[in-house]
Amino acid sequence: MSVQKPSIPQGTRDFGPAVVARRNYIFGIIRRVFEKFGYAPLETPTLENLSVLTGKYGEEGDQLLFKVLNSGNFLKKQKGDVIKEEVTPDDLLAGPKKVLPKIAEKGLRYDLTVPFARYVVMNRGTLTFPFKRYQIQPVWRADRPQRGRYREFYQCDADVVGTDSLLCEAEIVLMMSEVLNALGLTEHTIKINHRRVLGAIYQALGGEGTETDLFTAIDKLDKIGREGVEKELAGRGFSEEATVRLFDLLGVAGGFEEKLERLLAGFVTAGVDADNATADGYKGLQDLKRVLDYLRDFGFDKFENLDFDVTLARGLSYYTGCIFEIKINNVNMGSVSGGGRYDNLTGAFGLPGVSGVGFSFGVDRLYDCLEELNLFPPDTATTTRCLVANFDEEGERAMLPVLRQLRETGISSELYPETGKLGRQFKYADAKGIPFVLLQGSEERAAAQFKLKTMSTGQEQTLTLAEVLAQLQA
RNA sequence: GUAGAUAUAGCUCAGCUGGUUAGAGCGUCGGAUUGUGAUUCCGAAGGUCGUGGGUUCGAGCCCCAUUAUUUACCCCA
């Protein structure tokens, strides 16, 4: 067999010990906040049936799903003596859309929200509603990797289903804010908008073009600017007059409440129908006002980080109410968190009328932000607290009971597995960031003493075992 | 899917207009020190120059192809 250079798939990464330690630091903070707000943990399988995943994320999303080839001979099926061709020449001519469902029935999960909805429907009889769950697991997207974008990455979701109370939206803002501040990412903006506000804007323009064209265009405003959006809309069949009216509405400035009032006035003059269920902007504005009131009553004090952003659209097609996104202002990175309310995601699995709302942190992007801003605490790395030096065979045997006592006292420790040069052993401790080295050569052993060296200072103390244990515990 | 950039030691990168034996820093290993790391000093190992072809007396350098990586677009955590 020829030797080959080892490699890992594009967009995936190994996490070494130091990186895992720092990732766990982030996971820990998020998990603690989720649990503090009453969310319970849930895990779902890596693989889902494609029928569960497809059609939930829009056309783009479907293309980004990783599909898993059926096991066995995926071209033929055998029942008894009858062999049936799974894929016919006609299928091949018809293209991938025709062939795919016949050779792949499973896929890697694309996010945690849809599997959650699936879980809720399958377990509706046993769950107590409103059901609050959090979930920290990897997801996969067959995207082109680039800065801050991976093909395998972790999401940390918190969702509630079975209530349409806007208290949940308000609590999402509270959780977002708490996590970011705990991580030291104080320069952030929590953006909030409402799908129905967008719907009302669409209606105010006179119903030209399609809603999705409009939404994706205005979502790009901060990226391509007003001219870019005008150009894009012109190409999608929007009149100049409509575009002007759009920017009148988008241009509303001021604080959260001011924006609400000015949009309300704008919708009234544009003649947006308040009772029109498909474009009920007034409901959207009311919802946002309600969330704001909840936050005030709770005593939320980070309003400078909360922004009602009329241009926030978000691509995932299942959102129906409030939508969220978080941007870290002093790092050039896509959003580190996103979410929103979905009124009928469980409806796709046969359980209509169950509203849910939730959001997700992208740990990998948070990690990149913390690293760029140097916000990791310095001491996340090592697990071993004490290295026991190994002089010679006799010393090795003598140190084993000591090792045991260290561990029973709760001190992470290891005996260097080979006898020999102390220089090498100290180098090992240094490279691994182990703070203490315990030595007992023949001299110390004769006196029933130990030498404890503090690596950072280089100081050594001669102590009894009891003193060593006491000192290392501190 | 579209467009650009890059590929030289374990890592980060030099390498002039195409010209002798391809270099540095860091890391690794050995020694100065057979009971002491990080600091200091001395030394050593480590290269099919991504792969395949072409041009040339001669290619790490020029040309073509290919693969991988990466950035941007689309979309998203």
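Lettering follows sequence order; numbering is per chain, from 1. Note that these values count all heavy atoms, side chains included, but never hydrogens, waters or copies made by symmetry.
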Candidate nucleotides B:rU70, B:rC75, B:rG37, ranked by approach to the side chain of A:Lys220 - the nearest = B:rC75

Picking from B:rG35, B:rA77, B:rA38, the nucleotide nearest the side-chain atoms of A:Lys427 would be B:rA38

Rounded to the nearest Å, what distance is computed from the CD atom of residue A:Gln146 to the P atom of nucleotide B:rC73?
-> 6 Å

Counting Watson-Crick and G-U wobble pairs only, both distances under 3.5 Å, name the nucleotide matched with B:rU2, or none.
-> B:rA72

Could you work out the separation of B:rA3 and B:rU39 based on their P atoms and round it to a whole Å?
-> 49 Å

For A:Pro145 and for A:Asp364, find the nucleotide of RNA chain B with the closest heavy atom, then tell me which residue's nucleotide is more 5'.
-> A:Pro145

Out of B:rC76, B:rG35, B:rG30, which has the shortest distance to the side chain of A:Arg424?
-> B:rG30

Just how far, in rounded Å, is C1' of B:rU69 from CZ of A:Arg151?
-> 13 Å

A:Gly458 near the nucleic acid: base, sugar-phosphate alone, or nothing, with a heavy-atom cut-off under 4.0 Å?
-> base

Write down the distance between CG (A:Leu312) and P (B:rC76), rounded to a whole number of angstrom.
-> 11 Å

What is the minimum heavy-atom distance between A:Met333 and A:Asp368, and which atoms define it?
-> CE-CB, 3.5 Å

Charged N to carboxylate O below 4.0 Å: is that the case for A:Asp143 and A:Arg151?
-> no

What interatomic distance, in whole Å, is found between P of B:rG27 and the corresponding atom of B:rA68?
-> 34 Å

At under 4.0 Å between heavy atoms, what does A:Arg365 touch on the DNA or RNA strands: base, sugar-phosphate, or nothing?
-> base

Under 5.5 Å between ring centres and under 30° between planes: does that hold for A:Phe426 against the base of B:rA38?
-> no

Closest of B:rG1, B:rA77, B:rG35 to the A:Lys451 side chain is B:rG35

Between B:rG35, B:rU71, B:rA77, spot the one nearest the side chain of A:Arg147, thanks.
-> B:rU71

Candidate nucleotides B:rA77, B:rC29, B:rG37, ranked by approach to the side chain of A:Met455 - the nearest | B:rG37

Considering Watson-Crick and G-U wobble pairs with both distances under 3.5 Å, what does B:rU66 pair with?
-> B:rG50

What does A:Gly423 touch in the nucleic acid at a heavy-atom separation under 4.0 angstrom: a base, only the sugar-phosphate, or nothing?
-> sugar-phosphate

May I have the distance from A:Leu439 (atom CG) to B:rU34 (atom C1'), rounded to whole angstrom?
-> 16 Å

In whole Å, what is the span from the CZ atom of A:Arg236 to the P atom of B:rC74?
-> 11 Å

Out of B:rC74, B:rC29, B:rA77, which nucleotide sits closest to the side chain of A:Glu60?
-> B:rC74

Looking at B:rC75, B:rG37, B:rU69, which one has an atom nearest to any side-chain atom of A:Gln10?
-> B:rU69

Is A:Lys36 salt-bridged to A:Glu178, cutoff N-O under 4.0 Å?
-> yes

Counting side-chain heavy atoms from CB outward, which of B:rA77, B:rG1, B:rG37 is closest to A:Arg144?
-> B:rG1

Base paired to B:rG35 (Watson-Crick or G-U; both N/O distances under 3.5 angstrom) | none

Does A:Thr113 offer a backbone N or O that forms a donor-acceptor pair with the side chain of A:Lys56 under 3.5 Å?
-> no

With both distances under 3.5 Å as the test, what is the Watson-Crick or G-U wobble partner of B:rG30?
-> B:rC42

Taking every non-hydrogen atom, the tightest pair across A:Lys191 and A:Leu312 | O-CD2, 3.7 Å

B:rU40 and B:rG47: how far apart are their P atoms, nearest whole angstrom?
-> 27 Å

Where each residue is assigned the nucleotide of RNA chain B containing its nearest heavy atom, which of A:Val336 and A:Lys453 is assigned the position nearer the 5′ end?
-> A:Lys453

Look at all strands and tell whether A:Gly61 reaches a base, only sugar-phosphate, or nothing, counting heavy atoms closer than 4.0 Å.
-> nothing

If we take the P atom in both B:rG46 and B:rU6, what is their distance in whole Å?
-> 31 Å

A:Lys231 bridged to A:Glu227 by N-O distance under 4.0 Å | no

Do A:Asp364 and A:Arg13 sit within salt-bridge range, that is, some charged N less than 4.0 Å from a carboxylate O?
-> yes

Please give the nucleotide sitting opposite B:rC57 as a Watson-Crick or G-U wobble pair, both distances under 3.5 Å, or none.
-> B:rG19

Looking only at atom C1', what distance separates B:rC74 and B:rA22, rounded to whole Å?
-> 43 Å

What does A:Phe391 touch in the nucleic acid at a heavy-atom separation under 4.0 angstrom: a base, only the sugar-phosphate, or nothing?
-> base

Hey, does A:Phe361 reach any base, or is it just sugar-phosphate, or nothing, if we go heavy atoms under 4.0 Å?
-> nothing

So what does A:Glu460 hit on the nucleic acid, given a heavy-atom distance under 4.0 Å: a base, only sugar-phosphate, or nothing?
-> base

Output yes when a side-chain donor or acceptor of A:Asp157 lies under 3.5 Å from a complementary backbone atom of A:Gln135, and no otherwise.
-> no

Rounded to the nearest Å, what distance is computed from the CD atom of residue A:Gln63 to the P atom of nucleotide B:rG1?
-> 10 Å

For A:Glu444, report the nucleic acid contact type (base, sugar-phosphate, nothing); a contact means any heavy atom under 4.0 Å.
-> base

Nearest-Å distance for atom pair CG/C1', residues A:Leu65 and B:rC75 = 13 Å

Whole-Å distance separating the CG atom of A:Asp111 from the C1' atom of B:rC75 = 14 Å

Between B:rU17 and B:rC13 - C1' atom distance, rounded Å | 23 Å

Same-atom distance (P) from B:rA24 to B:rA14, integer angstrom | 16 Å

Give a yes/no on whether any side-chain N or O of A:Lys421 is located under 4.0 angstrom from OP1 or OP2 of B:rG31.
-> yes

Looking only at side-chain atoms of A:Leu64, point me to the closest of B:rC76, B:rU69, B:rC75.
-> B:rC75

Heavy-atom pair of closest approach, residues A:Arg195 and A:Tyr319 = NH1-O, 3.1 Å

What does A:Ser337 touch in the nucleic acid at a heavy-atom separation under 4.0 angstrom: a base, only the sugar-phosphate, or nothing?
-> sugar-phosphate

Determine which nucleotide pairs with B:rG25, using a 3.5 Å limit on both distances of a Watson-Crick or G-U wobble pair.
-> B:rC11

Span that lies between the C1' atom of B:rU8 and that of B:rU69, in whole angstrom | 15 Å

